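Worksheet: one structure, shown below.
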Amino acid sequence: MLLELGRIYGYETSAPVYDAKKKFLNRHLEEVATLKEYPSNFSYPKIVNMAGLIDVLWFGGDTDALVPEFAFEVEHTTDVTKGLGRLHDQHKSGQRTRLFIILPVDKMASLIKRSGAVFSGYKRDLQGKEL
């Protein structure tokens, strides 16, 4: 759904290679994402590789110089810290990417409790919304 929304809003979208065969509405994510090849020229290789693990990215800019503008981690398992860690790394990279973690509202308290001191600066920005 996030890949489709990104396309509707005019962004180029991508999902990690390891999620390519997962399905959304009977279509593989690789079919839904608008980018078939992950952009690799928006930053240093280490940052590009790390960003490539984020669940959904929306890219904006010129077609030959796309940069990630929005990053989404979708957490429906018990270990939300990995996704939050990837978003934290993206933030530390200096990219001006808006970061979102999508999870059930009943998992929000657990996220705040487990996020620890590393993410304490973000706690005031964390919000849960029932969908």
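As a basis for the values below, the full set of heavy atoms in this structure was taken, side chains included, without hydrogen atoms, waters or symmetry mates. This structure is a prediction, so every number in the text was calculated from the model and none was measured.
In this structure, S14 contributes its side chain and L35 its backbone to no donor-acceptor pair below 3.5 Å. Looking only at distances, a side-chain donor or acceptor of T97 sits under 3.5 Å from a matching main-chain atom of P68.
Other members of a hydrophobic cluster containing I8 are absent, since no ILVMFWY side chain comes under 4.5 Å of it, directly or through relayed contacts.
Residues passing the side-chain hydrogen bond (donor to acceptor under 3.5 Å, both in side chains) test with E69, sequence neighbours excluded: none. Judged as a salt bridge (charged side-chain N to carboxylate O under 4.0 Å, His left out), and not counting sequence neighbours, the contacts of K21 are E30. Contacts of E4 classified as side-chain contact (heavy atoms from CB on, under 4.5 Å), with partners at least two apart in sequence or in another chain: R7, F24, R27, V32. With sequence neighbours excluded, no residue forms a side-chain contact (heavy atoms from CB on, under 4.5 Å) with K36. Residues passing the side-chain hydrogen bond (donor to acceptor under 3.5 Å, both in side chains) test with K23: none are found, sequence neighbours excluded.
F72 contributes atom CZ, which lies 12.5 Å from atom CD1 of I101 (distance to the nearest 0.5 angstrom). Taking CG of L3 as the reference point, atom OH of Y11 lies at 14.5 Å (rounded to 0.5 Å).
Clustering ILVMFWY residues whenever any of their side-chain heavy atoms sit less than 4.5 angstrom apart, transitively, puts I102 in the very cluster that holds M1.
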In a table with atom names and distances, give each donor-acceptor pair under 3.5 Å that connects a side chain of residues 47-61 to protein atoms at least two apart or in another chain.
residue, atom, partner, partner atom, Å
N49, ND2, P45, O, 3.3
D55, OD2, V74, N, 2.8
W58, NE1, L2, O, 3.0

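Looking at every heavy atom in both residues, A15 comes nearest to A33 through N-CB, 4.4 Å.
Residue F100 qualifies as enclosed at atom CZ: its count of foreign heavy atoms under 6.0 Å is above 12.
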